[in-house]
Amino acid sequence: MYDPTQIEKKWQAQWEQDALYLVNDDDASPKWYSLTMFPYTSGDLHIGHWYAEAPADTYARYKRMCGYNVLRPIGFDAFGLPAENAAIKRGIHPREWTLGNIANMTRQLKSMGSCYDWNREVVTCLSDYYRWTQWFFLKLFKENLAYRKKAPVNWCPSCQAVLANEQVEDGKCWRCESQVIQKDLEQWFFGITKYAAELANHEGIDWPEKIKIMQRNWVGRSEGADISFLLEKPAKEYDSIKIFTTRPDTAYGVTFMTIAPEHPMVEYITTPEQKEEVTAYQQRSREKNDIERLSTEKEKDGVFTGAYCYNPLNDDKIPVYIGDYVLISYGTGAVMAVPAHDTRDFAFAKKYNLPIKVVIASPNYNGEELSQAYIESGSLINSGRFDSMNSEEAKKAIAEYLTVLGKGGPSVNYKLRDWLISRQRYWGAPIPIVYCNSCGLVPVNEEELPVLLPEKAEFKLTGENPLKYNEEFVNTTCPKCNRLAKRETDTMDTFMCSSWYFMRYTSPHSPDAPFYKENVEKWMPVDLYTGGAEHAVMHLFYARFLTKALRDMGYVNFSEPFSRLFNQGLILAQGGGKMSKSKGNTVTPDDLVIRVGADAVRAFLMFIGPWDQGGEWNDAGLNGISRWLQRIWSLVIENYQEQTLNEKDTRDFVRAMHRTIAKVGDDLEKLRFNTMLATLMEYSNYLNKVKTAGSVPYFIWQEAMKNLILMLAPSTPHITEEMWQIKGQLYSVHQQAFPQYDAELATEEEITLVVQINGRVRDKINAPIGLTAQQAEDLARSSEKILSFTEGRQIEKVIYVAGRLLNIVVK
RNA sequence: GCCGGAGUGGUGGAAUGGUAGACACGGCAGUCUCAAAAACUGCUAUGGGGUGACUCAUGUGUCAGUUCGAGUCUGACCUUCGGCACCA
């Protein structure tokens with residue numbers, strides 16, 4: 001009998017003792033960097049983590065067996081909001097909570113029998129790591145890629161604290177249920193938009209199409225024109241309204257302007273009569289988030305500011321509105337409105353009784369009033385010198401004409417915004433900046449890093465940033481003039497920590513650099529990066545940005561961090577929905593490992609379906625896998641006895657072995673673990689039959705057993721190591737080469753010819769390989785079944801698919 | 001709302017435009033047993049016909065289309081899941 005518990009513990013200890021999975025940087029074999037998105041230190045690993053890790057481990061092991069020097073590191077993403085929530089709720093320090101979770105998760109990860117190199121472990125909340133996160137901040141600051149500007153945050157006026165989106169429920173604070181408002185704070189940004197064009201381009205990397213599309217949409221490139229509309233009454237520094245449009249061809253049809261309610265010019269251009277209404281509207285829009293504001297379901301509304309501006313093309317006098325469907329963060333925070341040719345503007349114009357001026361004629365337009373916006377292309381009318389041009393030509397011509405007028409010109413706009421990295425929270429890497437009364441904003445000297453996160457922190461129920469009240473932390477001296485100064489109390493977005501951890505793995509202990517150039521350039525880019533698709537835009541985007549920024553600073557010689565990306569699916573809780581601790585619907589692998597062993601759990605997770613699909617959790621099939629491993633054990637360990645040898649059986653036997661090796665290798669290469677295991681099950685069922693018959697020679701049987709163990713080794717590492725040893729083979733099975741197949745021996749001796757009449761299967765005939773079309777037809781016509789269908793009917797056409805199928809079309 | 005996926009037996013799923021349901025789970029029947037469990041063997045999409053080997057029809061979310069042939073390609077729709085910038 002096979003006892004997984006005992007075997008698994010034994011081999012895990014043995015592998016650790018023998019340092020079987022420690023990676024040697026100097027190994028001359030070709031490198032393979034296999035990486036799974038490191039886990040967040042949320043407490044326990046649930047089955048979803050295993051679903052992410054086990055197949056990836058199997059693939060890494062397969063690559064080792066194919067002769068690669070495989071780097072498969074592991075670490076923890078350890079800063080972030082949940083640790084702080086735990087601190088507030090349970091009175092436990094975030095550090096203690098986080099390190100406790102890491103200890104538990106490490107134990108769980110080790111119980112899986114993975115080939116991680118634990119000597120390279122990285123933990124982002126430890127100062128020997130975040131020191132370098134801060135160092136990157138300073139480098140970006142030096143390159144003018146880190147800067148400060150005002151940006152809105154979710155603000156709870158009652159708690160006097162900034163809330164994460166997660167902490168806002170239906171527009172209310174999750175703690176005290178006060179109405180949350182948008183409040184402007186001076187915050188830190190990274191200049192990610194400078195790389196917009198490059199980030200939208202995924203040339204040379206093998207990523208899922210859907211992720212590339214999501215990232216391109218995230219960048220949101222659009223071509224059009226900038227146009228300046230001169231204000232009737234310039235106010236302060238604002239003498240005109242600048243807009244971006246993708247439809248410069250409709251610019252003669254502008255009948256009003258809409259600017260974002262939070263646009264700074266609103267204060268200055270609003271007339272006294274409109275002040276009250278405008279202020280009330282601004283107040284209301286602070287209570288909405290961007291998704292609500294952009295929703296096309298809700299009716300668009302706005303308020304007249306009392307101000308007017310002029311269309312530079314035809315001098316039309318145009319009223320200026322504010323409307324919350326215009327976002328300050330996109331484009332210039334202002335849009336021109338052409339109700340005749342934009343659905344949203346049309347509805348707005350109808351609502352407020354604004355003129356609708358047609359400037360693009362549809363093919364059969366006769367000058368009648370529009371009942372809805374005409375948003376297609378057409379030929380221009382009421383557009384001065386551009387009349388009768390078509391939209392496409394006019395877009396260019398009008399944009400160029402604006403350049404001549406000095407009122408704008410062709411332009412490219414991106415939806416992408418700069419990356420807001422400021423967090424008004426404790427549990428993150430402090431931003432290494434000091435504010436000095438005489439020198440202003442001063443970066444901390446590199447040699448002074450890390451700016452240590454103080455241990456002492458008072459967590460208020462409201463969630464206010466404890467750093468603000470820690471005088472020892474806040475009060476410091478200016479790095480420039482040495483006078484008293486104050487520290488920045490914002491910490492960095494944890495996405496900054498996870499934007500470079502994969503490079504740290506290449507030189508995990510380097511004390512004087514984030515990584516050594518030689519190491520990072522040996523291992524990077526990551527050959528296969530796996531993780532959830534929920535990171536499609538943020539993490540994956542920021543990591544690409546930082547890589548490109550580091551390249552331009554000369555720290556690395558590659559542009560893309562991840563050569564190939566694969567997204568495994570999501571394991572949903574039983575009954576649907578995401579697994580989460582708060583819902584109490586998580587499934588822990590620990591109980592399953594106790595029940596059937598890690599090998600069975602690994603194989604089960606790979607068998608339940610295509611890896612990129614995920615699905616609702618259900619362990620109904622787990623016992624089946626466990627039984628299969630038991631059968632494999634008996635098959636391999638219990639003696640084989642030759643009985644009556646049979647030549648045909650032996651030929652079939654050898655062919656089955658080679659065909660299985662080919663299919664298993666191919667499936668592994670394509671990350672199709674479910675069909676790989678199905679193939680092995682089919683093969684083991686077949687082997688059991690042959691064993692009963694005893695019709696193949698002993699030495700060939702033994703070869704099949706060896707290859708079976710080797711093919712299974714990446715998936716179920718413990719049982720295979722044990723069987724390998726019992727079979728008297730050299731330790732370790734995980735240092736052996738993956739079996740090779742012989743294409744000739746794998747070739748079938750005969751085929752099944754499927755014969756169809758009008759596309760319906762009517763007969764199946766065994767036939768030799770290499771059948772010609774004529775031979776196939778003759779064969780089909782000799783079948784009685786086929787004759788009964790063709791008799792008395794006229795054959796119109798015969799289609800032959802070589803070696804597979806013959807379709808006879810009759811009338 | 002916008003963007004991106006996914007829909008196949010009782011269940012998870014398989015299927016280079018070419019035999020739909022591989023491989024499993026579950027169920028049913030049998031072997032073994034005093035009995036049960038375990039293990040093993042067989043059957044298991046639906047409907048009809050036949051004692052039977054078998055045979056006919058229907059069938060991959062819905063409705064159209066392309067094709068000798070569609071789960072696979074095209075269009076529209078329905079359902080469902082993920083992302084939308086402070087959960088990570």
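Each chain gets a letter, A, B and so on, in the order its sequence line appears, and its residues count up from 1. This is a predicted model, so every value here is computed, not measured.
Between the side chains of A:Tyr325 and A:Asp301, not a single donor N or O lies within less than 3.5 Å of an accepting N or O. For the 3.5 Å distance criterion, the side chains of A:Thr716 and A:Asp599 fail to qualify, holding no donor opposite an acceptor.
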Q) Tell me, for nucleotides 14-25 of chain B in 5' to 3' order, what letter each nucleotide earns: B for a base near a protein heavy atom under 4.0 Å, S for only sugar-phosphate near one, - for neither? A) SSB-BBS-BBSS
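Distance alone, capped at 3.5 Å, places no donor-acceptor pair between the A:Asp493 side chain and the A:Met496 backbone.
On the C1' atoms, B:rA45 is 8 Å away from B:rG21, given to the nearest whole Å. The same atom, P, is picked in B:rU60 and in B:rG1; the two are 29 Å apart, to the nearest Å. For the C1' atom pair drawn from B:rA20 and B:rA70, the interatomic distance equals 11 Å after rounding to whole Å. Taking the C1' atoms as reference points, B:rA6 lies 44 Å from B:rG52, given to the whole Å. If you take atom C1' in B:rG7 and the same atom in B:rG59, they sit 16 Å apart, rounded to whole Å. Comparing the P positions of B:rU31 and B:rG17 gives a spacing of 47 Å, expressed to the nearest Å. Using P as the reference atom, B:rA15 and B:rU72 are 15 Å apart when rounded to the nearest Å. For the P atoms, the distance from B:rA64 to B:rG71 is 15 Å, rounded to whole Å.
A:Lys785 comes within 4.0 angstrom of the backbone, heavy atoms only, and of no base. Nucleic acid contact class of A:Val798 (heavy atoms, under 4.0 Å, all strands): none. Looking at heavy-atom distances under 4.0 Å, A:Phe495 makes contact with a base. Contacts of A:Gln215 with the nucleic acid, taken as non-hydrogen atoms under 4.0 Å apart, are absent. Residue contacts shown for A:His539 are absent, as no nucleic acid heavy atom lies under 4.0 Å away. Within the 4.0 angstrom heavy-atom criterion, only backbone atoms of the sugar-phosphate kind lie near A:Arg762; the bases stay farther away. Among the protein residues, A:Trp218 comes within range of the nucleic acid bases, having at least one heavy atom under 4.0 Å from a base atom.
Regarding A:Trp427, its CH2 atom lies at a distance of 16 Å from the C1' atom of B:rA88, rounded to whole Å. Atoms CG (A:Asp612) and C1' (B:rG13) sit 13 Å apart, rounded to a whole Å. Note: NZ (A:Lys183) to P (B:rC86) measures 18 Å, nearest angstrom. Protein atom CG of A:Asp77 is 14 Å distant from nucleotide atom C1' of B:rC86, rounded to whole Å. Between A:Asp619 atom CG and B:rU11 atom P the separation is 18 Å, expressed in whole Å. For the pair A:Arg423 CZ and B:rA88 P, the computed distance is 7 Å after rounding to whole Å. Note: CG (A:Asp418) to C1' (B:rC86) measures 16 Å, nearest angstrom. The interatomic distance linking A:Asn465 (CG) with B:rC86 (C1') rounds to 13 Å, in whole Å.
Between A:Tyr130 and A:Phe79, the distance from one ring center to the other falls under 6.0 angstrom. Separation of the A:Tyr542 and A:Trp419 ring centroids falls under the 6.0 Å cut-off.
Applying the Watson-Crick and G-U wobble criteria (two distances, each under 3.5 Å), B:rC63 pairs with B:rG75. B:rA39 is paired with B:rU31 under the criterion used here, namely a Watson-Crick or G-U wobble arrangement in which both key atom distances are under 3.5 Å. With a 3.5 Å ceiling on both atom-pair distances, B:rA15 lacks any Watson-Crick or G-U wobble partner. The pairing partner recorded for B:rA57 is B:rU46, the criterion being a Watson-Crick or G-U wobble arrangement whose two distances lie under 3.5 angstrom. Base pairing of B:rG4 is made with B:rC81, judged by Watson-Crick or G-U wobble geometry with both donor-acceptor distances under 3.5 Å.
Using a 4.0 Å cut-off between charged side-chain N and carboxylate O, A:Arg595 and A:Asp619 make a salt bridge.
Regarding contacts with the backbone of B:rU55, every side-chain N or O of A:Arg760 stays at 4.0 angstrom or more from both OP1 and OP2. In this model, the phosphate group of B:rA85 is not approached by any side-chain N or O of A:Arg417 to a distance below 4.0 Å at OP1 or OP2.
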Q) Are A:Trp50 and A:Leu45 close enough, and set up right, to give a side chain to side chain contact (heavy atoms under 4.5 Å, CB included), and what steps lead you there? A) CA-CA 8 Å; A:Trp50 272 52; A:Leu45 286 187; 4.1 Å; yes
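When the nearest nucleotides of RNA chain B are assigned to A:Asn217 and A:Gly80 by heavy-atom distance, the more 5′-ward of the two goes with A:Asn217.
Base orientation of B:rG65: anti, the glycosidic angle falling outside 90° of 0.
Comparing B:rA88, B:rG4, B:rA85 by their closest approach to the side chain of A:Leu416 singles out B:rA85. Comparing atom distances between the A:Ile608 side chain and each of B:rC68, B:rG82, B:rG12 picks out B:rG12 as nearest.
Looking at residues two or more places apart in sequence or on another chain, you find no side chain to side chain donor-acceptor pair (under 3.5 Å) involving A:Asn674. With sequence neighbours left out, the side chain to side chain donor-acceptor pair (under 3.5 Å) criterion links A:Thr41 to no other residue.
The side-chain tip of A:Arg544 does not point at the ring of A:Trp218 from less than 6.0 angstrom away and within 45° of straight on.
Under 3.5 Å, the side chain of A:Gln424 and the base of B:rC86 form at least one donor-acceptor pair of N or O atoms.
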